[in-house]
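Have a look at the structure below before the remarks.
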Amino acid sequence: MHKSNIDKPTMTSNSELAERFEVAFNQIHHILKRLNPNEYNDAFMKLLTDSSRKHRVIQQVYYDLKQFAKLRNALVHEKLERKTFIATPHENTVLKIENIAKLLSKPPTVLDIATAFVVSVNLTTPLEDLIKIMGTSSYNQFPVYEKGVFQFLISEYGLTKWMAASIHKGSIHVEGKTVENLKPYEEHHNVVFVKRSMDIFELEDIYEESFQKKRKLEAVIVTDNGSPLEAPLGIVTSWDLIEIDLLVSRD
């Protein structure tokens, strides 16, 4: 007797979608654990909430992952029998969680959000030249190097302090002054050097650690290996962290 197609399994494709969904979900769960090494509670939602407080990428995908956690519970905990699920994810849902897993597995690096071109000056750069550079540049922070070694960071705030201290009879004279004259007004900046391969999760951890210590992080300078003896490849300030949101939205 010819056997009806009704008797044949019809859940194969759904089963594959469910398995792909669970693989991606588990990858994300593993990443959240890695981002919270000191958290004893490894429940997905606990880790997701804690991570979203520290990392902008997680903030951007928080709602989606929260909904995926509900679906995952239905898939795993309410399974009717082997390879038979009470609910199955739509293919678009599977693709979305796989894309998130891919993003979190290989997050953008610091150079993806850094100002790629860094204008650096040295101690003997005339102050007049520096002011002209600042007037025509979109940058407001400049690393000072001498013989290839980082000295200090110039900021608009430090320049303003120098100008205020240099007013004499209503005038400010920059003739004969160099970048070195700004050093006493710029020595207390908190600057960190990082390697070019550092990802944005590690970068945000540095900002979080600085915040917890109540030490404002003025800038992160990117070099090949994170050394102040290397030429700068880029510079990151707290404002540049907003670029993370744009990277996620583009993905």
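Every heavy atom of this structure was used, including side-chain atoms; hydrogens, water molecules and symmetry mates were not.
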Q.
Please determine whether a side-chain nitrogen of the Lys or Arg among E98 and R20 lies less than 4.0 Å from a carboxylate oxygen of the Asp or Glu.
A. yes
Q) Does the side chain of Q67 reach to within under 4.5 Å of the side chain of D64, using non-hydrogen atoms? A) no
**Q.** Main-chain N/O of N225 paired with E230 side-chain donor or acceptor, under 3.5 Å
**A.** yes
Q) Can you tell me if E218 uses its side chain to pair, donor with acceptor, with the backbone of H189 under 3.5 Å? A) no
Q) Side chains of T49 and R53: does their closest heavy-atom pair fall under 4.5 Å? A) yes
Q: Look at the side-chain heavy atoms of Ile, Leu, Val, Met, Phe, Trp and Tyr, link any pair under 4.5 Å apart, and say whether I172 and L127 land in one connected group.
A: yes
Q) Counting heavy atoms not belonging to E208, are there more than 12 under 6.0 Å from its CD? A) yes
Q.
Using the rule side-chain contact (heavy atoms from CB on, under 4.5 Å), only one of L153, I154, V149 pairs with Q151; which is it?
A. V149
Q: Identify the two heavy atoms, one from F21 and one from P89, that lie closest to each other, and give their separation to 0.1 Å.
A: CB-CG, 3.9 Å
Q: Give a yes or no answer on whether the side chain of K54 reaches the backbone of L35 with a donor-acceptor pair at less than 3.5 Å.
A: yes
Q. Which pair of non-hydrogen atoms, one from L111 and one from V222, has the smallest distance, and what is that distance?
A. CD2-CG1, 3.8 Å
Q. Of all heavy-atom pairs between A101 and A24, which one has the smallest distance, and what is that distance?
A. CB-O, 3.9 Å
Q: Identify the two heavy atoms, one from A165 and one from Y185, that lie closest to each other, and give their separation to 0.1 Å.
A: CB-OH, 3.4 Å
Q. Between the side chain of D240 and the main-chain N/O of T237, is any donor-acceptor distance below 3.5 Å?
A. yes
Q | Verdict with reasoning, I58 to L32, per side-chain contact (heavy atoms from CB on, under 4.5 Å) | A | CA-CA 9 Å; I58 305 298; L32 294 178; 4.2 Å; yes
Q. Should W239 and T115 count as side-chain neighbours, where that means a heavy-atom distance under 4.5 Å?
A. no
Q. Taking the side chain from T136 and the backbone from K132, do they hold a donor-acceptor pair closer than 3.5 Å?
A. yes
Q: Flag yes if L159 and V174 sit in one hydrophobic cluster, no otherwise; membership is Ile, Leu, Val, Met, Phe, Trp, Tyr, and two members link when side-chain heavy atoms are under 4.5 Å apart.
A: yes
Q) How long is the gap from CG on N99 to CG on L104, to the nearest 0.5 Å? A) 11.0 Å
Q | Pairwise side-chain contact, E180 with V144, heavy-atom cut-off 4.5 Å (strictly under) | A | no
Q) Are any side-chain N or O atoms of D112 and backbone N or O atoms of T109, one a donor and one an acceptor, separated by less than 3.5 Å? A) yes
Q: Could you tell me whether E91 atom CD has more than 12 heavy atoms of other residues or ligands within 6.0 Å of it?
A: no
Q) Would L48 and F68 satisfy side-chain contact (heavy atoms from CB on, under 4.5 Å), going step by step from the backbone distance to the final call? A) CA-CA 12 Å; L48 176 61; F68 293 156; over 6 Å; no
(Q) Show the nearest heavy-atom pair for residues T223 and L233, with the distance to one decimal. (A) C-CD1, 3.7 Å
(Q) Can a donor-acceptor pair be found, under 3.5 Å and without considering hydrogens, that links the side chain of T160 to the backbone of E156? (A) yes
**Q.** E204 side chain near V57 side chain, heavy-atom distance below 4.5 Å
**A.** no
**Q.** Heavy-atom check, side chain of S51 versus side chain of N36, under 4.5 Å
**A.** yes
Q: In sequence, state the C-alpha distance, the side-chain angles, and the governing distance for L203 and I113, and then conclude on side-chain contact (heavy atoms from CB on, under 4.5 Å).
A: CA-CA 11 Å; L203 175 66; I113 66 168; 3.6 Å; yes
Q) Are any side-chain N or O atoms of H173 and backbone N or O atoms of E175, one a donor and one an acceptor, separated by less than 3.5 Å? A) no
Q: Consider only side-chain heavy atoms of I, L, V, M, F, W and Y, link residues closer than 4.5 Å, and tell whether V61 and M45 are in one cluster.
A: yes
Q: Hey, could you give me the CD1/CG distance between I31 and L47, rounded to the nearest 0.5 Å?
A: 12.0 Å
Q.
Nearest 0.5 Å, please: how far is CG in N181 from OG in S166?
A. 8.0 Å
Q: Can you measure from CD1 (I167) to CH2 (W162) and round to the nearest 0.5 angstrom?
A: 10.0 Å
(Q) Please give me the minimum heavy-atom distance between A219 and Q141, naming the atom from each residue. (A) CB-OE1, 4.1 Å
(Q) Just so I know, are the side chains of P232 and F150 near enough to count as touching, which here means a heavy-atom distance under 4.5 Å? (A) no
Q. Looking at CE of M163 and CG of L182, how far apart are the two atoms once the value is rounded to the nearest 0.5 Å?
A. 10.5 Å
Q | Shared hydrophobic cluster, I133 / I131 (ILVMFWY, side-chain heavy atoms < 4.5 Å) | A | yes
**Q.** Pairs touching residues 37-63 that satisfy ring pair (Phe, Tyr, Trp, His ring centres under 6.0 Å), sequence neighbours left out
**A.** F25-F44, H29-F44, H55-F201
Q | Pair T124-N122, side-chain donor/acceptor within less than 3.5 Å | A | yes
**Q.** Distance in Å, S210 OG paired with I206 CD1, rounded so as to fall on 0.5 Å steps
**A.** 9.5 Å
Q. Is there side-chain contact between V236 and Y207, with at least one heavy-atom pair below 4.5 Å?
A. yes
Q) After noting the C-alpha distance and the side-chain angles of D199 and K106, does the key distance pass the side-chain contact (heavy atoms from CB on, under 4.5 Å) rule? A) CA-CA 8 Å; D199 66 45; K106 192 176 181 180; over 6 Å; no
Q) Does E22 use its side chain to pair, donor to acceptor, with the backbone of E19 at less than 3.5 Å? A) no
